[in-house]
2 protein chains.
Amino acid sequence: MDSAGGGRQAKYVRIADELRAGIQSGRYGPGDRLPGENDLMAAHGVARMTARAALGVLQHEGLAEARKGAGVFVRGLWHSPTRRRGIQRLAQERWGAGRSVWADEAGERELVVDQVEVWEEAAGEPVASVLGVAVGAAVWVRSRRFVLDGKPVMTAVSWLPGDIVAGTPVTEADTGPGGTYARLAELGFGPVRFREEIRSRMPSAEEAERLRLGAGTPVVVVVRTAFAEGGRVVEVNEMTLDAGSYVLEYEFDA
Amino acid sequence: MDSAGGGRQAKYVRIADELRAGIQSGRYGPGDRLPGENDLMAAHGVARMTARAALGVLQHEGLAEARKGAGVFVRGLWHSPTRRRGIQRLAQERWGAGRSVWADEAGERELVVDQVEVWEEAAGEPVASVLGVAVGAAVWVRSRRFVLDGKPVMTAVSWLPGDIVAGTPVTEADTGPGGTYARLAELGFGPVRFREEIRSRMPSAEEAERLRLGAGTPVVVVVRTAFAEGGRVVEVNEMTLDAGSYVLEYEFDA
DNA sequence: TAGTGGTCTAGACCACGTT
DNA sequence: ACGTGGTCTAGACCACTAT
């Protein structure tokens, strides 16, 4: 009846361990259905909530996902995460040539950019600080979502100084060939140096919905700061990635 | 009595939303105790398991952590994550000067390297492939854990080609001043180029224990490949980081 | 000792997907 | 129609922490 009586471990932990071992050994392959609540109740003589707890462990570890009315299935870790080459993708030749930075990352797959919103606002404290403008100064904000083969993989929000981009195509939904960086270059503020900061955490409920993340899937947050000649910050871009959809790569000399 | 009857949302979701709003608004600050199971049962007229479910949501989001016998507390996100400068830290001047790559990252804090193990083994398929050696060839493996101010923050496993490092200090627990890279340089195989691949996922139960991770904390996996002059791979290092303890930074030119 | 979270039971109704 | 996971109840005992 109690938890510590029989063994040292909680029942649901032991059941979860057993299922996990089955996944790692290949007895349950990607896409396979795991024993369900009723199966586990019968096999281990436990209550429904205990069986659920065991399955919940695997879901929170990202190893399995539940589909209502169907069962709990082993996750396909991972289909084919996008390789994002942090340094080469931002080489000037890319956007200088009018080529979208995102296009060749997608490869053969269909990339859709949706939920595009662009607006002007007054810089609050944190934004003003990183952009290097006065609090209350006009900044333009670009927000959008990237969907690859029907699966949302990233959201991004950019902040740009209003005194540079006001009245230019950067404030339009479509920034034209080469994107924002090509336009900034034409304005004499082409980025010459970048800094990317990478964090990872669990998503908020809203982020999980917008990226359609299953339980047990973290997000990777990349904050890129773009510097023009002279050191002025011309863009700050905060990207929120589905951790399962991306591998970030940086290659550099010693 | 039912879930969909009263509102659209499950009760535990609404309770979790309310608590989350309280955290984000600052009503509950970092380190504060949240209303406990009994409080929520009384306040919302729900059963214990329902109150638990609500608190569980916040814990899995990484916003709160439970302490047995004490309560559920708002997490201190984040104390002071280590800033890991991916590119500068591997500049030749660093390890060339006999300075540990890890030392100045730790700053004032106390860094302990423990659980050090070094052994020789025959390369399996995946390792042979990335190291560029034959399957079955001798490789040396270095495994260790990094503990910062008493908190484990990273584990690391390195693989090195046996034909280069056999019989050298690289196969000892202590590799001496400048570490492995300085020794490789003395052997004529100093790294001149690096590639780092970054992924993020939820930890396994074992990883969570070894890094003492609370629920809702992902790990970041960094796989670094070091290339010597001529392109030969001289080391592959797989690092598993507590996502809450690190910010990775890469700074580079366009 | 009193209160806390951790585990567990044995029921129940629901929305959903597959058959 | 049936089985699935999702939610919920009203109890219970335990180990742990704080007082």
Side-chain angles (χ1 to χ4, degrees), chain A residues 1-19 28 31-61 63-75 205 208-209 214-216, chain B residues 1-19 28 31-60 63-75 205 208-209 212 214-216:
Chain A
M1 187 97 59
D2 69 333
S3 58
R8 289 282 149 266
Q9 295 263 55
K11 288 184 186 177
Y12 79 95
V13 173
R14 289 197 304 100
I15 299 175
D17 286 346
E18 194 180 303
L19 292 172
Y28 308 115
D32 287 358
R33 181 174 178 278
L34 290 173
E37 297 176 1
N38 296 334
D39 301 317
L40 295 176
M41 288 165 70
H44 295 87
V46 296
R48 155 158 271 107
M49 292 301 277
T50 305
R52 278 187 63 75
L55 291 168
V57 168
L58 300 180
Q59 294 172 52
H60 283 295
E61 287 179 351
L63 293 177
E65 63 188 344
R67 293 206 284 273
K68 264 191 299 193
V72 180
F73 298 83
V74 178
R75 268 223 185 141
E209 191 186 3
Chain B
M1 187 95 61
D2 68 334
S3 58
R8 289 282 150 266
Q9 296 263 54
K11 288 184 186 177
Y12 78 94
V13 173
R14 289 197 305 102
I15 299 174
D17 286 347
E18 192 179 304
L19 292 172
Y28 307 116
D32 286 359
R33 183 174 177 277
L34 290 173
E37 297 176 1
N38 295 334
D39 300 317
L40 295 176
M41 289 166 70
H44 295 87
V46 296
R48 154 157 272 108
M49 292 300 277
T50 304
R52 279 188 62 74
L55 292 168
V57 169
L58 300 181
Q59 293 173 51
H60 284 294
L63 293 177
E65 64 189 344
R67 293 206 285 273
K68 263 189 301 193
V72 180
F73 297 83
V74 178
R75 265 218 187 147
E209 191 185 4
R212 290 222 310 273

(request) Starting from the 5' end of DNA chain C, give me the residue, A:V46 or B:V72, whose nearest nucleotide shows up first. (result)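 Between the two, 5'-proximity favours B:V72.
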Figure out the [atom1]/[atom2] separation between [X] and [N], and round it to whole Å.
| X | N | atom1 | atom2 | result |
| --- | --- | --- | --- | --- |
| B:R67 | D:dA18 | CZ | C1' | 12 Å |
| B:K11 | C:dC13 | NZ | P | 15 Å |
| B:R52 | D:dC14 | CZ | C1' | 13 Å |
| A:H44 | C:dT7 | NE2 | P | 17 Å |
| B:Q59 | C:dG5 | CD | P | 9 Å |
| B:L19 | C:dG5 | CG | C1' | 15 Å |
| B:K68 | D:dA15 | NZ | C1' | 6 Å |
| B:L40 | C:dG5 | CG | P | 9 Å |

(request) Output the single nucleotide from C:dG6, D:dA10, D:dT7 whose closest atom is nearest the side chain of B:M49. (result)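 Among C:dG6, D:dA10, D:dT7, the one nearest the side chain of B:M49 is D:dA10.
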(message) Nearest to the B:A10 side chain among D:dT4, D:dC8, C:dG6, which nucleotide is it?
(response)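 Looking only at side-chain atoms, B:A10 lies closest to D:dC8.
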(message) Whether the side chain of B:D39 engages the backbone of B:G36 through a donor-acceptor N/O pair (distance < 3.5 Å, no angle test) should be reported.
(response)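 Flag set: sc B:D39 to bb B:G36 pair under 3.5 Å.
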Under-4.0 Å side-chain N/O to phosphate OP1/OP2 contact, [X] with [N]:
| X | N | value |
| --- | --- | --- |
| B:N38 | C:dG3 | no |
| A:Y12 | C:dT7 | yes |
| B:T50 | D:dT7 | no |

(request) Return the minimal non-hydrogen interatomic distance between B:A54 and B:Y12, and the atom names on each side. (result)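 Smallest heavy-atom distance, with atoms named: CB-O, 3.5 Å.
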(request) Apply side chain to side chain contact (heavy atoms under 4.5 Å, CB included) to the pair B:V72 and B:R67, showing each step before the final yes or no. (result) CA-CA 6 Å; B:V72 180; B:R67 293 206 285 273; over 6 Å; no
(message) Under the side chain to side chain contact (heavy atoms under 4.5 Å, CB included) test against A:L63, which residue among A:H60, A:Q59, A:E61 passes?
(response)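 The passing option is A:E61.
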(message) Assuming nearest nucleotide by heavy-atom distance, tell me which of B:A51 and A:A70 is located more 5' along DNA chain D.
(response)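 The residue closer to the strand's 5' end, by nearest nucleotide, is A:A70.
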(request) Tell me, with the steps shown, if A:E18 and A:H44 meet side chain to side chain contact (heavy atoms under 4.5 Å, CB included). (result) CA-CA 11 Å; A:E18 194 180 303; A:H44 295 87; 3.5 Å; yes
